[in-house]
Amino acid sequence: MDEDRRQALETTTRWEPGEAEARIFSRWRESGAFDPPPEGTPEENFSIAIPPPNVTGALHMGHALNGTVQDALVRLRRMEGRKALWILGTDHAGIATQAVVEKQLRAEGIDRHELGREAFVERVWEWRREYGGQIVEQYQRLGASCDYERERFTLDEDYVRAVIKVFASLYEKGLIYRDNYMVNWDPGTSSAISDLEVVNREVTDTLYEIDYPIEGSDEVLTVATVRPETMLADTAVAVNPDDERYGSLVGGHVTLPLVGRRLPVIADEHVDVEFGTGALKITPGHDPADFEIGRRHGLEEISVIGEDGRMTAAAGERFAGMTTTEANAAVVEALRDEGRIRDERPYEHSVPFSERSGERIEPLISLQWFCRMDELAAPAIEAVERDEVRIVPESYKRVYLNWMREIRPWCISRQLWWGHQIPVWYGPGGEEVVAETPELAREAAAERGIDPDALRRETDVLDTWFSSALWPFATLGWPEDTPHLRAFYPTSFLTTAREIIFLWVARMVMMGIEFAGAIPFRDVYVHPVVQAPDGRRMSKSLGTGIDPLDEIDVHGADALRFGMLAISSTQDVRYSPERVQQGRDLATKMWNASRLILLNAGDARPAPRTERPEDRWILTRLDAAVAGFEASIEGYDFAHAVLGFYAFLWSEFCDWYLEIVKPRLYDGDPDAAANLLHVLDQVLRLAHPAMPFVTEEIWGYLPDREQLLIVSPKPSRDPSLVDSEAASAIEREIEQVREVRRWRDLVGVPAAAVLEARIEGELPEFVTRLARLQRSEAGGEAIATIGPVEILASGDVDADGARERIEAERERLRGEIERIERKLGNQGFVAKAPPEVVEGERKKLADYRAELDRLG
RNA sequence: GGGCGGUUAGCUCAGCUGGUCGAGAGCACUCGCUUUACACGCGAGGGGUCGCCGGUUCGAAUCCGGCACCGCCCACCA
């Protein structure tokens, strides 16, 4: 070690991540470790396609957790010698990005329509060039070992080609079609959105009961509704076929108040006899359930609410042009004037809202593009049923399957400008021409006898999730047969938030099988949602958000990564600043333990040494730590992996082994130095996937290190170094030290006092040293007996306190003995419990009795 | 309305194929330490009717049933 480095080690007593992280990250990146050559097979290699963050996004705790998990795995696999590729990229995020730029424009007093589509889209691209890289840089702060050389974007030219190809193919198969259908209209974004983008919230509305006069009678049929304004579009009233009250009315008619339309009374199973009056007004144009009923019965579909959220001409002169809220009041008032309102009361029910804009969904019939999913779903269901795609935790497997088995058509068109414009051109007669480019569209049109000059391109874009569904293979170059696709598809692992299992994961499985010919990934790990420390949602608007970058600034990336892994669980977790601090403390601990070893190891080289029992002990424990870490990781149990490592490093290695070997190290014992360096070397390899920066930094101080830790092999396990007998002997001796210390503390012996003690038989040097005892052959009464140690009276010991302590210990032992005697006296236990359990209890009993004897 | 998960120390969580768990970790707390790696430290300690009720069992935090809260997902009862 050169003088400067030695100096640095001698004077720095803390791990200081600030300067080191950036420096180390650059070295990794320059080393080429992040972008493996596309060689070998997907089975031999390891790959992950990052869940592409939105270009508009900033790194939040969800990314921090999910990024740490992915990076830990990629690093571990890389250290196994595999080609490990972590594909990086961002999502164009249609609505979110368009909204950001629209807001910017509004600030300048510009409406996007003034700008026009082309100029607007150019503005968005400008925005993305300027700000779109932010989140990628933030992932770097985390230490993410992604392939930054091949960053992808879902609107890259190649990517657009892949999307169009998929669209065209599904269209040709008849799975994609255009239809007038009930959609979730979001007045906030002025676009249709899919079922998955709708959230239901409890709302208190007023439930009105309205009388509809029965034709040819003085009676009325009373219906209940929370949206009286939709009555203007009613085209029937339905009752349950088994409802005896109304049987005679079915087939007859009622008159729609205010409008005067004749409405047939129909019978449909959907109607709940119990609810309200048991008669349901049917509005096929503005209610999803009524729409279905309407189609079943061939009812007329009337639209009285337009896409602008206002009443249309079909609503009648009196109401046309009103907003739905105004119309609601006006209709109620009109009905009241006519004496049609029988009852009204507050009513709490769940109402759909747009997840994106927060506005109440307006169900209406609209001409949109849909994708039929059942055919695509079938093989995707099988893949999961057969565990070709494995979902962890397993409970989500059923969630996935249930949803997939009842999958419904997907509304894929969006009335936005930012996104993949649907590659369809309409001829003058409404003919649909699907083509990859305008030129090809003209050619195709000409072939079909359609005037190419009359073609008009569809203005809608595709749902962002349509392009996301292709992510694992489109990022690798599909539809071209690229080396990357051959080497890394299917990918190995996907980690994802629960809420996008349907939105994204399920669709990737379907598209992967359909287009790339194979499942997109083997394992899906559903990561927990990170909540604020108080259990609330982490959100900027609530003020409960914690910025991972702030945490990195203060504690370092390793600390945050450790914390993230340590809180990770199969259920949602609260962010724990204490766990992050624990990570920071661990990094410092590693740093300081390394200083001790490196500054005292002389010119030793790392090598396991097995001459002494304590050396065999630590090698045995190291082996167990490695085994435990790997087993946990294989089960995606990151918390146990990282906490197990913590316990080994802190307690066994630092608290005990380092203390035990210190004198040998200071005396220049080459075996001690070699063994310490060896264990340190292995510890760094073990911890690197979780805490890459501090381990890489320390690694550089080890002798003869020519390659970076990031590309070095993971810890090797050698069964010949394991000696469980030595291990338990050392553990007994450690317990002996603790017993003596406990006694000393209780009795109030000054910490620094070294006590004279007679010791029966042999006891390793470290026991007396760490317990602060001095072997003596003197006679006289022992003031305390702790195992083979008899402590002699001295001025440092409070004799009364000692006696109390001994009596308390006797009491404890008597209690234990009594408990076991009772257990063994139980016939049922002796007869039915497994023999080894009974034997174990007998042995404990004997041990306790011997111990009690010793105390006199 | 269906389904899933949770309820264990002051806080956040482990343990839950029944016995070694008459229960652990981190933080917080108490006492003692300038012990030549580390006070982001060292040593020792206190603290829990394992949500409630019942059952199975020789034995239950751990299995079964019921109840009570809390959370999440799915769902076209107006």
Side-chain angles (χ1 to χ4, degrees), chain A residues 9-10 13-15 182 200 207-208 223-227 230 238 270-283 287-293 347 349-350 352 363 393 395-396 398-399 402-403 406 498-499 501-502 529 531 533 535 555 559 563 566-567 569-579 581-600 639-640 643 646-647 654-655 658-659 662 666 737-738 741-746 748-752 769-770 772 815-816 819 823 826-834 836-838 840-841 844:
Chain A
L9 274 188
E10 274 171 357
T13 61
R14 290 202 187 160
W15 162 242
M182 174 65 58
N200 289 295
L207 182 68
Y208 296 93
V223 299
T225 181
V226 291
R227 299 206 57 195
T230 65
H270 171 261
V271 181
D272 182 353
V273 179
E274 308 288 320
F275 190 91
T277 59
L280 174 63
K281 70 189 262 306
I282 302 298
T283 321
D287 182 280
D290 294 3
F291 178 80
E292 298 291 336
I293 295 172
Y347 179 68
H349 65 145
S350 79
S395 56
Y396 293 111
R398 232 182 64 204
V399 173
N402 288 157
W403 185 78
E406 285 178 33
R498 206 177 34 212
E499 73 236 34
I501 292 177
F502 308 138
V529 173
Q531 302 166 334
H555 302 296
I567 61 173
S569 159
T570 53
Q571 59 188 84
D572 290 350
V573 296
R574 294 177 188 208
Y575 180 73
S576 168
E578 292 83 8
R579 289 294 189 195
Q581 270 196 35
Q582 191 181 355
R584 181 202 58 179
D585 294 348
L586 179 60
T588 299
K589 192 73 171 174
M590 269 195 266
W591 175 253
N592 282 304
S594 305
R595 289 172 58 226
L596 171 69
I597 297 166
L598 293 166
L599 290 171
N600 292 285
H640 284 98
L643 259 7
Y646 176 94
C654 291
D655 288 348
L658 290 183
E659 294 305 327
K662 252 182 201 174
Y666 291 150
V737 172
R738 305 192 72 226
R741 284 174 172 172
R742 207 171 297 147
W743 176 85
R744 290 174 60 114
D745 215 57
L746 193 89
V749 178
R769 171 166 49 91
L770 297 179
R772 294 194 172 248
E816 293 289 348
R819 191 187 112 240
K823 204 168 191 177
N826 179 334
Q827 284 310 336
F829 175 73
V830 178
K832 296 187 186 176
E836 61 274 18
V837 172
V838 177
E841 292 294 320
K844 267 197 288 180

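Labels below follow one simple rule: chain letters A, B, ... track the order of the sequence lines, proteins then strands, and each chain is numbered from 1.
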Q. Watson-Crick or G-U wobble partner for B:G41, using a 3.5 Å limit on both distances?
A. B:C33
Q.
I'd like the C1' distance from B:G47 over to B:C67, given in whole Å.
A. 30 Å
Q. Quick one: is B:A44 close enough that its OP1 or OP2 comes under 4.0 Å of any side-chain N or O from A:R738?
A. yes
**Q.** Distance between P atoms of B:C4 and B:C64 (Å, rounded)
**A.** 13 Å
Q: Taking atom P in both B:C63 and B:U8, compute the distance separating them and give it to the nearest angstrom.
A: 16 Å
Q: Check the pair A:W591, A:L9 against side-chain contact (heavy atoms from CB on, under 4.5 Å), reporting the backbone distance first and the verdict last.
A: CA-CA 9 Å; A:W591 175 253; A:L9 274 188; 3.9 Å; yes
**Q.** CD1 on A:I597 to NZ on A:K662, rounded to 0.5 Å
**A.** 11.0 Å
Q.
Go through it in stages, so that I can follow the logic: the residues are A:D290 and A:M182, the test is side-chain contact (heavy atoms from CB on, under 4.5 Å), and I'd like the CA-CA distance, side-chain angles, deciding distance and then a yes or no.
A. CA-CA 10 Å; A:D290 294 3; A:M182 174 65 58; over 6 Å; no
Q: Please state the C1' separation for the pair B:G46 and B:C27 - nearest whole angstrom.
A: 16 Å
Q) Between A:R574 and B:C13, is there a side-chain N or O to OP1/OP2 distance below 4.0 Å? A) yes
**Q.** Phosphate contact (B:G26 OP1 or OP2) by A:K589 side-chain N/O below 4.0 Å
**A.** no
**Q.** P gap between B:G45 and B:G24, integer Å
**A.** 12 Å
Q) To the nearest 0.5 Å, how far apart are CG in A:D287 and NZ in A:K281? A) 7.5 Å
(Q) So, applying side-chain contact (heavy atoms from CB on, under 4.5 Å) with A:C654, which one of A:K589, A:M590, A:E659 is it? (A) A:K589
Q: Classify the nucleic acid contact of A:R579 as base, sugar-phosphate or nothing, counting any heavy atom under 4.0 Å across all strands shown.
A: base
Q: Please determine if a side-chain N or O atom of A:R742 lies less than 4.0 Å away from the OP1 or OP2 oxygen of B:G45.
A: yes
Q) For A:K662 and A:Y347, take the nucleotide of RNA chain B holding the closest heavy atom to each; which residue's nucleotide lies nearer the 5' end? A) A:K662
Q) What interatomic distance, in whole Å, is found between C1' of B:C40 and the corresponding atom of B:G59? A) 45 Å
Q) Any side-chain N or O of A:T283 less than 4.0 Å from the OP1 or OP2 oxygen of B:A78? A) no
Q: Just compare B:C40, B:A14, B:A78 and give me whichever is closest to any side-chain atom of A:R584.
A: B:C40
Q. Nearest to the side chain of A:A751, which nucleotide is it out of B:C77, B:G32, B:A78?
A. B:G32
Q: Considering just the side-chain nitrogens and oxygens of A:H349, establish if one lies under 4.0 Å of OP1 or OP2 belonging to B:A78.
A: yes
**Q.** First encountered from the 5' end of RNA chain B, between A:W403 and A:L658
**A.** A:L658
Q.
Could you tell me how far B:C69 sits from B:A78 if I compare only their P atoms? Round to whole Å.
A. 24 Å
Q: For B:C31 versus B:C13, give the span between their P atoms, rounded off to a whole number of Å.
A: 29 Å
Q: Using both distances under 3.5 Å as the test, list the Watson-Crick or G-U wobble partner of B:G71, or none.
A: B:C4
